[in-house]
Amino acid sequence: MAIEYRFYFQDDEACLSYIIDPDNSKNSTTRASKPASWTELKNCQCSNCPLSVKDHKYCPAAVDMERVIEDFSRLPAMRKVDVHVLTPEREYRKITGIEEGLRSLMGLIMAESDCPILSKLRPMAYTHLPFTNQSEFIIRSVGTYLLRQFYHRQSKNQADWDLKGLIALNQELRLVNQALWQRVNNGSPGDSNLKALLSFFAMSSSVSFSLEAQLAKVRPAFLEETDLGPFEGE
């Protein structure tokens with residue numbers, strides 16, 4: 001179920017295309033024969049990274065993102081672009097700033113990387129939704145997590161219905177986000193990449209910092225008006 005992102009620039013005929021294949025993430029984008037120095041694991045390694053510099057020369061997520069980072073390194077974040085996202089089932093399209101399209105693409109690449117922490121987001125990539133807003137992100141994050149808990153219970157394992165594990169995961173991701181932003185900042189001029197990452201990180205942080213408040217906002221969409229009582233998180 002390969003997913004293709006195409007960026008068409010409105011002031012010329014240029015197009016940047018990236019194919020992300022969840023079943024073959026190592027070939028999702030064209031990698032450089034020799035990754036840039038900023039992708040080396042020792043540079044801005046995440047404080048909670050379980051990989052050893054001795055055994056891994058490069059950061060898996062950075063290597064997967066390198067081509068995208070380089071392509072957009074000198075393009076302004078607010079420049080308008082016509083983004084097409086093609087999946088086997090449907091096509092999405094939106095004319096927006098580079099930042100928003102890039103945020104969606106980076107999120108997909110990170111979830112499909114071999115990073116031991118980011119790869120925990122892989123189930124989200126299975127139902128990838130481009131240009132997602134905050135409410136959609138919360139619904140998909142929580143829904144995906146609860147489905148995993150259902151499967152845990154079916155396998156006679158302990159299920160976490162209180163979402164404690166989801167909050168803990170996003171606290172881990174916050175550390176990864178901080179280090180990855182600094183890594184890209186050191187290796188890439190321009191603001192497109194950095195703003196796209198910050199936008200993605202802001203959504204992720206909402207899970208660890210304000211999950212109850214975010215759930216309260218979307219609660220009316222899931223319950224009949226007569227079912228709405230006091231929200232336990234309020």
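In this text the structure is predicted, and so the values were computed from the model without any measurement.
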remark   = Note: Phe131 and Glu136 closest approach over all heavy atoms is O-OE1, 4.3 Å
ask   = Under a 4.5 Å cut-off applied to non-hydrogen side-chain atoms, are Tyr126 and Thr144 in contact?
value = no
note = Residues Ser206 and Ile138: closest non-hydrogen pair is OG-CD1, 3.7 Å
Considering all heavy atoms, the nearest Gly187-Glu70 contact = O-OE2, 4.3 Å
inquiry  = Side chains of Val53 and Gln45, heavy atoms from C-beta outward: is any pair under 4.5 Å?
reply    = yes
query = Does any N or O in the side chain of Arg103 come within less than 3.5 Å of the main-chain N or O of Lys195, such that one atom is a donor and the other an acceptor?
reply = no
request  = Kindly give the heavy-atom pair with the smallest separation between Leu102 and Ala196, and that separation in Å.
outcome  = CB-CB, 3.8 Å
task = For the residue pair Phe209 and Gln214, establish whether any side-chain heavy-atom pair is separated by less than 4.5 Å.
result = no
request  = Could you tell me whether the side chain of Asp191 reaches within less than 4.5 Å of the side chain of Glu99, counting heavy atoms only?
outcome  = no
ask   = So Glu172 and Lys120, side-chain contact (heavy atoms from CB on, under 4.5 Å) or not? Walk me through it.
value = CA-CA 11 Å; Glu172 274 196 277; Lys120 295 176 183 179; 3.4 Å; yes
key: Ile139 reachable from Leu169 in the ILVMFWY side-chain graph, under 4.5 Å edges   = no
task = Output the distance between atom CD (Gln171) and atom OG (Ser204), rounded to the nearest 0.5 Å.
result = 10.5 Å
From CA spacing to verdict: side-chain contact (heavy atoms from CB on, under 4.5 Å), Gln158, His152 = CA-CA 6 Å; Gln158 185 175 359; His152 281 319; over 6 Å; no
ask   = Between the side chain of Ser155 and the main-chain N/O of Asn157, is any donor-acceptor distance below 3.5 Å?
value = no
ask   = So Phe7 and Phe72, would you call those rings parallel, tilted or perpendicular, with 30° and 60° as cut-offs?
value = perpendicular
ask   = Sub-3.5 Å donor-acceptor pair from the side chain of Asp162 to the main-chain atoms of Lys164, do we have one?
value = no
message = Does either side chain, that of Ser17 or that of Glu4, offer a donor lying less than 3.5 Å from an acceptor on the other one?
response = yes
request  = Kindly determine whether Leu41 and Tyr58 satisfy side-chain contact (heavy atoms from CB on, under 4.5 Å), including the steps that lead there.
outcome  = CA-CA 4 Å; Leu41 187 63; Tyr58 298 101; 5.8 Å; no
query = Is Asp114 reaching over with its side chain to a backbone N or O of Pro60, donor-acceptor style, under 3.5 angstrom?
reply = no
ask   = Which atom pair, heavy atoms only, marks the closest approach of Phe200 to Gly107?
value = CE1-CA, 3.6 Å
message = Please say yes or no: joined through hydrophobic side-chain contacts below 4.5 Å, possibly via intermediate residues, are Trp181 and Leu108 part of one cluster?
response = yes
key: Non-hydrogen atoms of Val207 and Ile167 that approach each other most closely   = O-CG1, 3.9 Å
ask   = Step by step, would you call Leu197 with Asn177 a side-chain contact (heavy atoms from CB on, under 4.5 Å)?
value = CA-CA 8 Å; Leu197 285 170; Asn177 295 342; over 6 Å; no
Approximate separation, where rounding is to 0.5 Å, of Asn193 CG and Ile69 CD1 = 3.5 Å
inquiry  = Same cluster or not: Leu105 versus Leu86, using hydrophobic residues (I, L, V, M, F, W, Y) connected whenever any side-chain heavy atoms lie under 4.5 Å apart?
reply    = no
query = Going only through I, L, V, M, F, W and Y residues with side-chain contacts under 4.5 Å, is there a path from Leu194 to Val176?
reply = yes
key: Sub-4.5 Å side-chain heavy-atom contact between Met110 and Leu180   = yes
task = Measure from the side-chain N and O atoms of Gln149 to the backbone N and O of Ala159, and report whether any donor-acceptor pair falls under 3.5 Å.
result = no
ask   = Where the side chain of Arg140 meets the backbone of Thr127, is there a donor-acceptor pair that is under 3.5 Å apart?
value = yes
message = When you measure from the side chain of Arg122 to the backbone of Ser113, do you find a donor-acceptor pair of N or O atoms at a distance under 3.5 Å?
response = yes
message = Using 0.5 Å steps for rounding, measure from the CG atom of Asp71 to the CD atom of Glu66.
response = 10.0 Å
pair Tyr5-Ser104: side-chain heavy atoms closer than 4.5 Å = yes
message = Does Arg148, at its CZ atom, have more than 12 non-hydrogen atoms belonging to other residues, nucleotides or ligands within less than 6.0 Å?
response = no
ask   = Side chains of Cys46 and Ile117: does their closest heavy-atom pair fall under 4.5 Å?
value = no
query = Going from CG on Leu75 to CD1 on Ile98, what distance comes out if it is rounded to the nearest 0.5 angstrom?
reply = 4.5 Å
inquiry  = For the CE atom of Met203 and the OG1 atom of Thr132, what is their distance to the nearest 0.5 Å?
reply    = 5.5 Å
inquiry  = Between Asn43 and Ser37 (side chain of the first, backbone of the second, donor and acceptor by atom type, cut-off under 3.5 Å), is there such a pair?
reply    = yes
query = With no hydrogens and no angle check, is any side-chain donor or acceptor of Asp82 less than 3.5 Å from a backbone partner on Tyr8?
reply = no
inquiry  = I want to check something: taking the side chain as every heavy atom from C-beta on, are Val184 and Met106 in contact at a cut-off of under 4.5 Å?
reply    = no
query = When hydrophobic residues are tied together by side-chain contacts of less than 4.5 Å, even through go-betweens, does Val142 share a cluster with Tyr145?
reply = yes
key: Atom pair CE/CD of Met124 and Glu112 - distance to nearest 0.5 Å   = 12.0 Å
ask   = Should we say atom CD of Gln154 is surrounded by more than 12 heavy atoms from elsewhere, each under 6.0 Å from it?
value = yes
